Amino acid sequence: MSVKHILLLPGDGIGPEVVKEAEKIIAWFNQNKGTQFTTSMAYIGGIAYDKTGTPLPKETLEAAHEADAILLGAVGGTQWESLDYAVRPERGLLGIRKELGLFANIRPAMCFEALADASTLKREVISGLDIVIVRELTGDVYFGTPRGVETLPDGTRKGVNTMVYTSPEVHRIARVAFELAQKRNKKVCSVDKANVLECTEMWREEVQKIHDAEYKEIALSHMYVDNAAMQLVRNPKQFDVMVTGNIFGDILSDCAAMLTGSLGMLPSASLGAKDKNGKTSALYEPVHGSAPDIAGQNVANPIATILSFAMMLRYSFNLAKEADLLEKAITEVLAQGLRTADIMQDGGKKVSTTQMGDAIIKTLAVLAKKEEKAA
Ligand code: IPM
Ligand code: MG
């Protein structure tokens, strides 16, 4: 494998702590599996605002364009909540998604067997759960104009955001979902609010068109977003791949994440289109946020970030075996009963952020040795 550069964007809150554990894993792969990853770090979010006056400095964006893949921790925190929208930490994240054209957000929600009892839902509802939400990431009310708040002549205020999608935007995200479903159980559920919102009625029609023209072998269904939220909680295993717009995807993916027992467990990938050199921009990040309440205490769960690195191995570097190994190590560590505070259960062994990272590395070494022996 040639040298590949990973840009680390730790960000705010628990971001730096969890990214540090992923860095240890990256170093392990370099030392033991012949990968040649180089890393560098840049500011994003609140810390970037504090240091440079903007949540997405020019240097960060340049480094992002040059990197082969990006690993992000989290952005945001209470100390930045009163800032103007334009410079809030979240703008850094939205900005990098937009600037790199990361339109496809892939959020798997799988239930680790060892954690099936950590969910607020009954074990039988979520045991074995393995679904993926494909969320469109660069359109919708997140970026649509007009937007903003104005004070009217009579002194009352009016707030506006605009839901916008074009058919090419719908087509490309639909294709990502269908392609993914082809490698899985060949089922796609497209989520919209076509009974009320014209924009999403168009979404429904265009997804159907792509299906009929290119992916007839996939079972496509459509669901209204309110029903989808209900079905996710009632019987999540009915789904395989769900595809939806930016705002619905934001909400449904948090819901799906919680089904699995902990938001601290789930990775995500945000992928762009292939550029003219055949390169796909890709940013990997945990689904959870910056959790300012527990930041700096060495208690956060690094697994979502480490699983995000596993997704990077798989999607950006085509290293499926290495990704499998890493995911296996995590499953094993959980089976051994090791738990960070967020997934702590009766009889579990409570560990810190760094201890969890160390345990995963130790298990990686054991599994790798076993594999060598078997080969
Ligand atoms: C997410 C987050 C972001 C979003 C925020 C932090 C801007 O909730 O990645 O789901 O709304 O997309
Ligand atoms: Mg969200």
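Since the structure is predicted, the reported quantities are computational estimates derived from the model, not experimental observations. Indexing begins at 1, ligand by ligand and atom by atom, following the structure's order.
- Contact between Arg97 and ligand 1 is present, with at least one heavy atom of the residue lying under 4.0 Å from the ligand.
- Taking a cutoff of 4.0 Å between a charged side-chain nitrogen and a carboxylate oxygen, Lys186 and Asp240 do not qualify as a salt bridge.
- When distances to the Mg ion (ligand 2) are checked against a cut-off of 2.8 Å, Asp254 contributes no N, O or S atom below that limit.
- Salt bridge Glu285/Arg97: present, at least one basic N to carboxylate O contact under 4.0 Å.
- With Phe112 as the partner, the side-chain contact (heavy atoms from CB on, under 4.5 Å) test is satisfied by one option alone out of Leu334, Leu129, Thr260: Leu334.
- Considering only non-hydrogen protein atoms, atom 4 (C) of ligand 1 sits nearest to Tyr142 OH, 3.4 Å.
- When the Mg ion (ligand 2) is compared with the N/O/S atoms of Asp250, atom OD1 turns out nearest.
- The shortest N/O to N/O separation between Arg107 and ligand 1 falls below 3.5 Å.
- Polar contact check, Arg135 against ligand 1: a nitrogen or oxygen pair lies under 3.5 Å apart.
- Side-chain contact between Tyr224 and Asp192 is present, with heavy atoms from C-beta onward closer than 4.5 Å.
- Glu201 and Arg204 are not joined by a salt bridge, as no carboxylate oxygen comes within less than 4.0 angstrom of a charged side-chain nitrogen.
- For atom 8 (O) of ligand 1, the nearest non-hydrogen atom of the protein is Asp250 OD1, 3.2 Å.
- Below 30°, between 30° and 60°, or above 60°: for Phe178 and His211 the angle between ring planes is between 30° and 60°, a tilted geometry.
- For atom 5 (C) of ligand 1, the closest heavy atom belonging to the protein is Glu90 CG, 4.3 Å.
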